[in-house]
Every structure is written in structure tokens, then in C-alpha cells.
> 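Below: one structure in C-alpha cells.
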Protein chains: 2
Amino acid sequence: MTSPGPSKAANPRDALGFAPHDHGHCVAAAMAAAEERCAAAGLHFTPVRRKALEILLQEHRALGAYEVLDRLREAGFGSQPPVAYRALDFLVAHGFAHKIERLNAFVACAHPGTSHSPAFMICRVCDSVAEAQATPARGALGQAAREAGFRIERTVVEAEGVCPSCAEKAGA
Amino acid sequence: MTSPGPSKAANPRDALGFAPHDHGHCVAAAMAAAEERCAAAGLHFTPVRRKALEILLQEHRALGAYEVLDRLREAGFGSQPPVAYRALDFLVAHGFAHKIERLNAFVACAHPGTSHSPAFMICRVCDSVAEAQATPARGALGQAAREAGFRIERTVVEAEGVCPSCAEKAGA
DNA sequence: GCTTGTCATGTTATCTCATATCATATATCG
DNA sequence: CGATATATGATATGAGATAACATGACAAGC
């Protein structure tokens, strides 16, 4: 369950839009942006919360709460589940992260700051997750909701499939 | 956690399109249709599976696997989790039921037989669930997937909000 | 009619995900 | 400073899910 082989993604190249990018920079930039946004909004961006976001950003894939917890513990924070869930709840509540319902796991937001209805593409092979924009109010669902008199407050849109990188490997 | 008050839906009127309907008839019709479809497809519609579907149909809301298990036990079937999960897996695999990821729960399919990408409207007040059609391949997500080279195999579309019946009660 | 294989069911054990609760500490504001 | 709110730590437990193995039902082929 640890090292090589065609196992789950350890490589950030596989995630976030499924495209390579300068990972160190993207983590640092996202952290700085979060720092600013919290200061501006009067939110307490405490050490655990900061570390939890950093953990999610470093992966660019969905992490289970207990995976996050493990790393928080390694970093010297509490080792009990509520520690992780509270930090993750904060991040989700303020738009720094999202929960992937299909995986019962969490991922850093790719477009923080901008209000959005996220949609996700989840690779069932390597577990990488890419975030896109959804337009749930348009389309068939929105129409059905209007007709039924249902007031939509939040939407979960998650597509499961195969990312280009894994499709290529499989085809090869 | 059991009887009256403004608690969770016990009334089938609240669910399935959020509209009242002849419930006894709709259960019987759905069971008969499932019976036929299984016969036609050579599927083994065994007693546990039949009972599990009946349980879901009788509620018209999302039931957790353990709720289903409780009722299966009451009906004389095995009492261990795999009993429920296996029956539910069968129903989901063959389109007689869907899993609501947001709730970690299961609901009978409202349009069985027809191949479809379901979308759900989940009332956060009474937990009722209505099924609509989604068109995930169209819209922003489909476009993002095409651009990224992501092959969508399955989509989860779930809207959380307030159903007309609960909105009315709250407004009153 | 017996053997063999397949599929379904039942049971045990265990694993992962998640939250209620209480105690303690740290910050913020009057 | 002292009061109040907010955040953290720790304990315990609840809820969701699956691996692994044993048993039973039934049809196909000899």
C-alpha cells in the first residue's frame, strides 16, 4: 500500500485539471490567497486550519479525513478525529475546500474566493480530482426544480470516469 | 425519534416529485414492473431482493442500508450488514434503485426500465427525495470534460434544498 | 441419480467515516 | 482585568461499508 507500482496517484501532475503545473508555486500562492481572504473577512486562520489546507493543496486529490488527521498528527497537532473534521469543516464552510461526496473525501478548492457551484471529475483509476464549474440551475435539473417548486440551495455534481493520463496508460 | 411533530417524513405524500399519489398502487405497479423486467432479463429476483425493493418503494425517501437491514430482519431475513448491502447492490446495479451519495442512503428508482442519468432533489427538512433527469454531458461540465479529455462514465447530480411542502409549512 | 459448478445467502470480524460530549485553553472585547 | 466567545484536545460511541469464509439451492452434464 506504500510504494511503486500502478497504485494511487502520488504525483501532483495527475490532478488539478489533469495537467502538469508548478506545484510548489501553486501551493504557496493558494496559501497566500487564503491568508489574505481570512484577514479580510475576519476569519481565524489558525495553525491547524492552515496546516489542513496545506495538506490538501499539496496533494491535489481527495483525501479522507483520517488521512488528513494522520498528517496533522505528524505535524504535532491533536490525533483524534474531531481535530481533522473541525479543520475541514472550516475550510469547506468558507470555500477553501470541497467535500467529494462520492469518495467521502476532501479536496482543496481550485477557484477559491470566487463564489461558485463546483463540479468535479473524479478518475476512478488514480483518484485524481479536477474541479470545473457547474451550471446546475440551467439545464434539466433546474427546470425540474422550478416546475416542482423546489428551492435549490446547494448542488453536488460529480462525474466519475477516466482521466486523460490514465486513459493513455491503459491504451498503451 | 419516532412519532409526531415536525420530524422526518413518514408520509409518502411528501416524496416522489413532492406530489401526492396513490401509494399502494404505485408500489404494486413498480413491483410488478420489476418482476417482469427481471424475468425478461434473466435476473434472479430473489426474496431478499424483492423485499428490499419493496421496502424502498414503500418509503419514497432515502433509507440508510441499516434501516433497510432492520426491516429485512423483521421480515425474517439475515441480520448482518452484507445482507442489506448485497440486495441494495443488486437493485442499484440493475437500475431499480439509486444511491444518494450526499446521504449515504438508497432510494427506489422513479423511472425504472428507461436508461437515464438521474438527478435528485433532496429536501434538507423532511429528507424526501425526488428524481429528475439530468443532462450532464451537456452544459459546463460536459464541455470541461471534453476539453480536459476526461471520459465520463457516470455522474452524481444531487440538489439539496427545500421541497415545496416544507417551504409552505415554514412560510405559514 | 450423482457430481460439479455457479450463484445466492448467512455469519463473523473488521475497517472506515463521522459526531456528540466534556474539559481546557486562547483570544477578544467591554 | 474579567467576562464571553471561540478554538482545541481527548474520550467515547455511532453509523456506513466490506473482506473473508461457510452453507445452501439449483441447474448442467455425465
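Atom set for the values below is all heavy atoms of this structure, side chains included, hydrogens, waters and symmetry mates excluded. The chains referred to below are lettered A, B, ... by the order of the sequence lines, with proteins before strands, and numbering in each begins at 1. Keep in mind it's a predicted model, so treat the numbers as computed, not measured.
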> So which protein N/O to nucleotides 10-13 of chain C N/O distances come out below 3.5 Å?
unit_1	atom_1	unit_2	atom_2	d
C:dG10	N7	B:R86	NH2	2.3
C:dG10	O6	B:R86	NH1	3.1

> Does the side chain of A:H98 come within less than 4.5 Å of A:F120's, by heavy atoms?
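Contact flag for A:F120/A:H98 side chains = yes.
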> Can you label the angle between the B:F90 ring and the B:F96 ring as parallel, tilted or perpendicular, going by 30° and 60°?
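Because their plane-to-plane angle is under 30°, the rings of B:F90 and B:F96 count as parallel.
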> Could you give the CD-to-P distance, from B:E67 to D:dA15, as a whole number of Å?
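From B:E67 CD to D:dA15 P: 10 Å.
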> Let me spell it out: for each of B:N104 and B:P47, pick the nucleotide of DNA chain C with the closest heavy atom. Which residue's pick is nearer the 5' end?
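Checking each residue's closest nucleotide, the 5'-ward one belongs to B:P47.
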> Quick check on DNA chain D: between A:Y66 and A:A87, whose nearest nucleotide comes earlier from the 5' end?
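So the residue in question is A:A87.
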> Please list all pairs meeting salt bridge (Lys or Arg N to Asp or Glu O under 4.0 Å) that have one or both residues in residues 98-111 of chain A, counting only residues at least two apart or in different chains.
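Every pair satisfying salt bridge (Lys or Arg N to Asp or Glu O under 4.0 Å) with a residue in residues 98-111 of chain A: A:E101-B:R102, A:R102-A:E160, A:R102-B:E101.
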> How many whole angstroms separate atom CD1 of B:I100 from atom P of D:dG16?
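That distance rounds to 14 Å.
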> Please state how far atom CG in A:L103 lies from atom C1' in C:dT16, giving the value in whole angstrom units.
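After rounding, the gap between these two atoms is 13 Å.
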> Provide, to the nearest angstrom, the distance between the CG atom belonging to A:L69 and the C1' atom belonging to C:dT19.
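Going from CG in A:L69 over to C1' in C:dT19 covers 14 Å.
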> On DNA chain D, check which nucleotide each of A:R49 and B:G64 is closest to and give me the residue with the more 5' one.
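That would be A:R49.
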> Find the distance A:R73:CZ to D:dG9:P and express it as a whole number of Å.
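Distance check: A:R73 CZ to D:dG9 P gives 13 Å.
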> Where the side chain of A:T46 is concerned, which of D:dA7, C:dT9, C:dA18 is the nearest nucleotide?
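Side chain of A:T46 sits closest to D:dA7.
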> Using atom CZ of A:F45 as one end and atom C1' of C:dA27 as the other, report the distance to the nearest whole Å.
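It works out to 18 Å between those atoms.
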> Tell me whether the side-chain N or O atoms of A:Y85 pair up with the base of C:dA20 as donor and acceptor below 3.5 Å, since no angle test is needed here.
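Side chain to base: no pair present.
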> What pairs with A:F77 under ring-ring contact (aromatic ring centres under 6.0 Å, His included), at least two apart in sequence or on another chain?
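Here no residue qualifies.
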> In whole Å, I'd like the distance from the CZ atom of A:F90 to the P atom of D:dT8.
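So the CZ-P distance, A:F90 to D:dT8, works out to 9 Å.
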> Can you tell me which nucleotide in C:dA8, C:dA18, D:dA17 comes closest to the side chain of A:K99?
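Looking only at heavy atoms from C-beta outward on A:K99, the closest nucleotide is C:dA18.
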> Salt bridge or not between A:R73 and A:D70? Use side-chain N to carboxylate O under 4.0 Å.
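A:D70 and A:R73: salt-bridged.
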> OP1 or OP2 of D:dT6 sitting under 4.0 Å from any side-chain N/O of A:H44?
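For D:dT6, neither OP1 nor OP2 has a side-chain N or O of A:H44 closer than 4.0 Å.
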> Tell me whether A:R61 is salt-bridged to A:E67, with the criterion being a basic N under 4.0 Å from an acidic carboxylate O.
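Yes, charged N to carboxylate O under 4.0 Å.
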> Look at A:R151 together with A:E153 and state whether they make a salt bridge at an N to O cut-off of under 4.0 Å.
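Here A:R151 pairs with A:E153 in a salt bridge, since their nearest N and O are under 4.0 Å apart.
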> Nearest-Å distance, CG (A:L43) to P (C:dA27)?
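Computing the A:L43:CG to C:dA27:P distance gives 17 Å.
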